[in-house]
Amino acid sequence: MSDQDHQEAEQKKTRKRRRHRQNNQRKNKRRRFFKSEENQQIAAAVERAVYPSVDEAAHAAIALYRSRFKSERLYTRGRRGDKKEINSRFEFEMCRRAEDGRAPLFYFYLGNEKLGSRVLTGLFYTQNPDLAGVRKFVSRKDRWVDIPTMVEGRLRKIWDKAMDGKVRDYFTVDRILSLIDENPFYPFTQNHSQARKAILEQIPDKISELYPMARSMRRHFILHIGPTNSGKTYDAVQACEAAPRGVYLAPLRLLAMEVAEKMNGDGVACNMITGEEEKRVPGAEHTASTIEMLSESTWYDVAIVDECQMIADSERGWAWTQAILGVAAGVVHACMAPEAEGIVTALIKECGDTWEVVRHERATPLNMENGPFAFPEDVREGDALVVFSRRSVLQAASILEDAGRRVSVIYGALPYEARQAETRKFAEGRTKIVVATDAIGMGMNLPVKRIVFLETQKFDGICRRELNASEVKQIAGRAGRRGYEEKGWVNASFERHSIAHKLREGVTPILTARTAMPPFLANMDRDLSQIMQDWQGIPDEGIYQKTSMSRAIWLCLWLEENCTMEKAVMLRAITIPFDEEDTDLVAVWRQAMKNVDKGRPVLTDIPRIACTEGDGLDTLETKYKALDIYYNLQRSFGATEPMNAFEKQDILICKSEVSSAIIERLKRAKKFYKRCRICGKVLPWNDPYGLCEDCFQAGRGHAPA
């Protein structure tokens, strides 16, 4: 060993001995302090320390945030996580967050994660004066404990528990808005209470007084109450056909089209009007339309309001409230499930009208099968298999087609003509099985022997949840159509006991009716978006509950920032029906609104649509949705254009071509499989993992797709 190596080795030993000596010194010092009276006193104080309760923490947090909302600048987190000051859109954004099930308090940037422990620290040391100013002690585990760090960690947990409970529940949207009204930094929130008071002054004590034509009449209601498939709508349509002038108000475009076809087939001329298209019949005195298209200023002998239980729907329920309060007809047939009887009769009483009740019973009993169901082995002819997405429909149908079974498919995105074609094939026996979404549950008259739930959960726009009793009854009721079967049967692949229980379970009565903002409020001297937010902010009272206006406010805010149109035009624009989650459709709507604002033809610079040979099913369905909004835009805003009639006719021709292409494509589309993302092997249609067993066992689960 060289002298240098020897010297380095000695230095290393010296350093090691020094560290060992220092460690021993620290250990001895710690042990001496542990045995000291001072340490024992500190340890005893730590053991008996009293921490603030969750209720005390909640009280402190509520006081803190009340003060901040009233007197400080307020911030929210930007898309990149950065902090930005709130602006005039904050109320809308906060309300939309609340509608998605998220706490409105957490819309705001509340400070760093140590804020809670700092707020509670003073309270802690007031209750534990023996620990004030004490930094450390030695625990029984022979370790130094930093007291402020320990206390801070525990206080932070108490704070977090309070924030996730009482504090979150305390700060509702209305309470936050009332506090910010007093904040001098935000003049755009001032006078909220005065504005809402002004709105209330314009609203009559009885909502029914908003419909003067209906109030000038003496109306009589016939309430058709009963389960699905009990002939409620059939009897009402028969009465409507016998009247000189009538209207049928449908929950779905599909039902409006079916009733229009039936009436015309029965020799009663009937127009068909929906948000997406219309078919006028010369000399027709009857109309079948979607319920939102009701004209309150048109008089009828007989009106039918179908599926009245939808009066509780958070998005569309206002249309049923409007129809019951405002349809101008001598006789109104209201068809509903039993849970809607109480709320509908309450509305009729408010109107001062008369009513009678007709109870309907199922002509064929509905029974839950005793044995389990396995897919696809147990599928029989006459079955309708229910799933809750288009993808699941096509995957289940593919498996059955591979097994040589003939299948029809029905789901929400299918155009009316395509649905009718699939329905007709099943009704005529050219296919033996139906695979469908819950679109089958409302108004689809099919000769179904048995309903089988292949899935029992659905995505409702916010989360994936279990079906409720009302939905199970609505769908299952399609089994055993009168005149075709003696009994209807129900089964399920999963959760059979749950489905059976929900079939027997009573449905909770509907207690409130949804209402929309009266259009005349747009005449107030405020921005339309602010008027809608003020309306939304008025507390609900009695049997009425306001419909969510988040979509309308979102569209209105864009119009106010990008266009100069009058509020009446804006109000018409934001009621155009389309899927606002589809960015392509949003772009079409925005371009059309710019055209209207500049005085150009409404469809200027919007691409024309035509079928091409290589279009897949997804592409064709997307084109059909686009044509829906094209037609609605042209009808709503193109009435004065010289080419208006030609444009509407051209769109209808294109829709017919796309529908035909979808029907043809469906013949080939039932080869749609879920495959392993590694090897491409076909998986079971409802496989939740996306990996076959071989790839999983081989440990290839993290390989790139």
Side-chain angles (χ1 to χ4, degrees), residues 225-233 307 309 336-340 359-389 392-393 396-397 399-400 405 407-411 426-427 431-460 464-509 684-686:
I225 300 172
T228 305
N229 227 347
S230 58
K232 304 184 298 293
T233 304
E307 304 292 354
Q309 69 274 9
M336 70 198 75
E339 61 266 26
R359 306 283 177 188
H360 293 255
E361 301 293 336
R362 280 185 61 94
T364 56
L366 191 64
N367 300 302
M368 187 75 185
E369 289 188 323
N370 293 324
F373 178 90
F375 178 83
E377 297 84 0
D378 294 338
V379 175
R380 301 195 299 255
E381 291 186 3
D383 280 352
L385 312 178
V386 178
V387 292
F388 294 97
S389 71
S392 293
V393 167
I399 292 170
L400 293 170
R405 316 296 290 270
V407 182
S408 285
V409 296
I410 297 170
Y411 52 91
F426 181 75
T431 58
K432 304 297 183 181
I433 300 158
V434 176
V435 183
T437 63
D438 51 349
I440 197 176
M442 195 168 287
M444 297 291 291
N445 291 316
L446 295 168
V448 173
K449 297 179 181 178
R450 178 174 65 165
I451 290 285
V452 179
F453 291 89
L454 296 186
E455 295 177 344
T456 58
Q457 293 183 335
K458 65 179 289 186
F459 181 73
D460 62 4
R464 190 167 179 82
R465 61 166 177 80
E466 293 289 333
L467 297 175
N468 59 44
S470 178
E471 291 165 334
V472 168
K473 291 173 185 287
Q474 185 76 28
I475 296 167
R478 292 299 158 192
R481 182 181 172 189
R482 179 167 57 181
Y484 287 84
E485 303 296 331
E486 294 182 359
K487 286 185 179 181
W489 296 97
V490 183
N491 211 329
S493 291
F494 307 98
E495 303 291 340
R496 291 186 67 258
H497 295 298
S498 174
I499 294 294
H501 174 71
K502 288 170 183 174
L503 276 177
R504 299 189 301 268
E505 182 183 344
V507 179
T508 304
W685 73 275
N686 58 350

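Heavy-atom basis, side chains included; hydrogens, waters and symmetry copies ignored. All figures in this text were calculated on a predicted structure; none of them were measured in a lab.
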Trainee: For Ser470, check side-chain hydrogen bond (donor to acceptor under 3.5 Å, both in side chains) against everything at least two apart and list the hits.
Mentor: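 Ser470 satisfies side-chain hydrogen bond (donor to acceptor under 3.5 Å, both in side chains) with Glu339 only.
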Trainee: List for me each residue that meets side-chain hydrogen bond (donor to acceptor under 3.5 Å, both in side chains) alongside Thr233, sequence neighbours excluded, and say none if there are none.
Mentor: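 Thr233 satisfies side-chain hydrogen bond (donor to acceptor under 3.5 Å, both in side chains) with Asp306 once adjacent residues are dropped.
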Trainee: Take Lys458 and Arg465 through the side-chain contact (heavy atoms from CB on, under 4.5 Å) test and state the conclusion after the steps.
Mentor: CA-CA 6 Å; Lys458 65 179 289 186; Arg465 61 166 177 80; 4.1 Å; yes
Trainee: Just jot down the side-chain hydrogen bond (donor to acceptor under 3.5 Å, both in side chains) partners of Arg504, sequence neighbours excluded, or say none.
Mentor: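 Testing Arg504 for side-chain hydrogen bond (donor to acceptor under 3.5 Å, both in side chains), a comparison that skips the adjacent residues, returns none.
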Trainee: Hey, could you give me the CG/CG distance between Leu454 and Asn491, rounded to the nearest 0.5 Å?
Mentor: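 These two atoms lie 10.0 Å from each other.
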Trainee: Where is the tightest heavy-atom contact between Gln309 and Ala337, given as atom of each residue plus distance?
Mentor: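 Closest heavy-atom pair between Gln309 and Ala337: OE1-N, 3.1 Å.
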Trainee: Please report the shortest heavy-atom distance between Pro338 and Ile225, naming the atom on each side.
Mentor: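 Minimum heavy-atom separation between Pro338 and Ile225: CA-CG2, 3.7 Å.
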Trainee: Are the side chain of Glu505 and the backbone N or O of Ala469 linked by a donor-acceptor pair below 3.5 Å?
Mentor: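 Flag not set: sc Glu505 to bb Ala469 has no pair under 3.5 Å.
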Trainee: Show me the side-chain donor-acceptor pairs of residues 371-380 shorter than 3.5 Å, one per line, residues at least two apart or across chains.
Mentor:
| residue | atom | partner | partner atom | Å |
| --- | --- | --- | --- | --- |
| Asp378 | OD2 | Ala374 | N | 2.8 |
| Arg380 | NH2 | Glu369 | OE2 | 3.0 |

Trainee: Determine, step by step, whether Val386 and Glu455 satisfy the side-chain contact (heavy atoms from CB on, under 4.5 Å) criterion, reporting the C-alpha distance in whole Å, the side-chain angles of both residues, the deciding distance to 0.1 Å, and the verdict.
Mentor: CA-CA 7 Å; Val386 178; Glu455 295 177 344; over 6 Å; no
Trainee: Do the side chain of Lys232 and the main chain of Gly226 share a donor and acceptor less than 3.5 angstrom apart?
Mentor: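 Yes; judged by distance alone, with no hydrogens or angles, the pair exists.
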Trainee: Dump the intermediate steps for side-chain contact (heavy atoms from CB on, under 4.5 Å) on Glu471 and Asp438, then the final yes or no.
Mentor: CA-CA 9 Å; Glu471 291 165 334; Asp438 51 349; 5.9 Å; no
Trainee: Between the side chain of Lys487 and the main-chain N/O of Asn367, is any donor-acceptor distance below 3.5 Å?
Mentor: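 Not confirmed, Lys487 side chain does not pair with Asn367 backbone.
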Trainee: Could you tell me which non-hydrogen atom of Leu503 sits nearest to which non-hydrogen atom of Lys473, and how far apart they are?
Mentor: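 Closest approach of Leu503 to Lys473, heavy atoms only: O-NZ, 2.8 Å.
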Trainee: With no hydrogens and no angle check, is any side-chain donor or acceptor of Arg496 less than 3.5 Å from a backbone partner on Asn370?
Mentor: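 Yes: the side chain of Arg496 pairs with the backbone of Asn370.
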Trainee: Quick one: does Leu385's side chain get under 4.5 Å of Val407's, heavy atoms only?
Mentor: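 The answer is no, as the side chains (C-beta and beyond) never meet within the 4.5 Å cut-off.
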Trainee: Measuring only between side-chain heavy atoms, which start at C-beta, is Ile410 closer than 4.5 Å to Leu446?
Mentor: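 Sidechains of Leu446 and Ile410: in contact.
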Trainee: Which heavy atom of Arg450 sits nearest a heavy atom of Asp383, and at what distance?
Mentor: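 Looks like NH2-OD2, 2.6 Å.
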Trainee: Compare all side-chain heavy atoms of Glu307 with those of Met336 and state whether any distance is below 4.5 angstrom.
Mentor: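 The answer is no; the side chains never approach within 4.5 Å.
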Trainee: If I compare all heavy atoms of Ala492 with all of Ile499, which pair ends up nearest, and what's the gap?
Mentor: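 That closest heavy-atom pairing would be CB-CG1, 4.0 Å.
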Trainee: Specify the closest pair of heavy atoms between Val435 and Ala396, including all atoms of both residues, with the distance to one decimal.
Mentor: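 Result for this residue pair: CG1-CB, 4.0 Å.
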Trainee: Determine whether Glu361 and Ser230 make a side-chain contact, defined as any pair of heavy atoms from C-beta on separated by less than 4.5 Å.
Mentor: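 In short, these two side chains do not touch, never coming nearer than 4.5 Å.
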Trainee: Is the shortest side-chain heavy-atom distance between Thr456 and Glu466 below 4.5 Å?
Mentor: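 The answer is yes, as the side chains (C-beta and beyond) meet within the 4.5 Å cut-off.
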Trainee: Tell me, please, which residues at least two apart from Arg362 pass salt bridge (Lys or Arg N to Asp or Glu O under 4.0 Å).
Mentor: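 Expected list: none.
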Trainee: How long is the gap from NZ on Lys449 to NZ on Lys432, to the nearest 0.5 Å?
Mentor: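 The NZ atom of Lys432 is 8.5 Å from NZ of Lys449, to the nearest 0.5 Å.
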Trainee: Is there a side chain to side chain donor-acceptor pair (under 3.5 Å) between Asn229 and Arg478 once you walk through the steps?
Mentor: CA-CA 6 Å; Asn229 227 347; Arg478 292 299 158 192; 4.7 Å; no
Trainee: Dump the intermediate steps for side-chain contact (heavy atoms from CB on, under 4.5 Å) on Phe453 and Val490, then the final yes or no.
Mentor: CA-CA 8 Å; Phe453 291 89; Val490 183; 3.9 Å; yes
Trainee: Between the side chain of Ser408 and the main-chain N/O of Thr431, is any donor-acceptor distance below 3.5 Å?
Mentor: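 Pair absent, no side-chain N/O of Ser408 close to backbone of Thr431.
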Trainee: So, using side-chain hydrogen bond (donor to acceptor under 3.5 Å, both in side chains) as the criterion, who are the partners of Ser389 when residues are at least two apart?
Mentor: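 Partners of Ser389 by the side-chain hydrogen bond (donor to acceptor under 3.5 Å, both in side chains) criterion, ordered by chain and then number, come out as Ser392.
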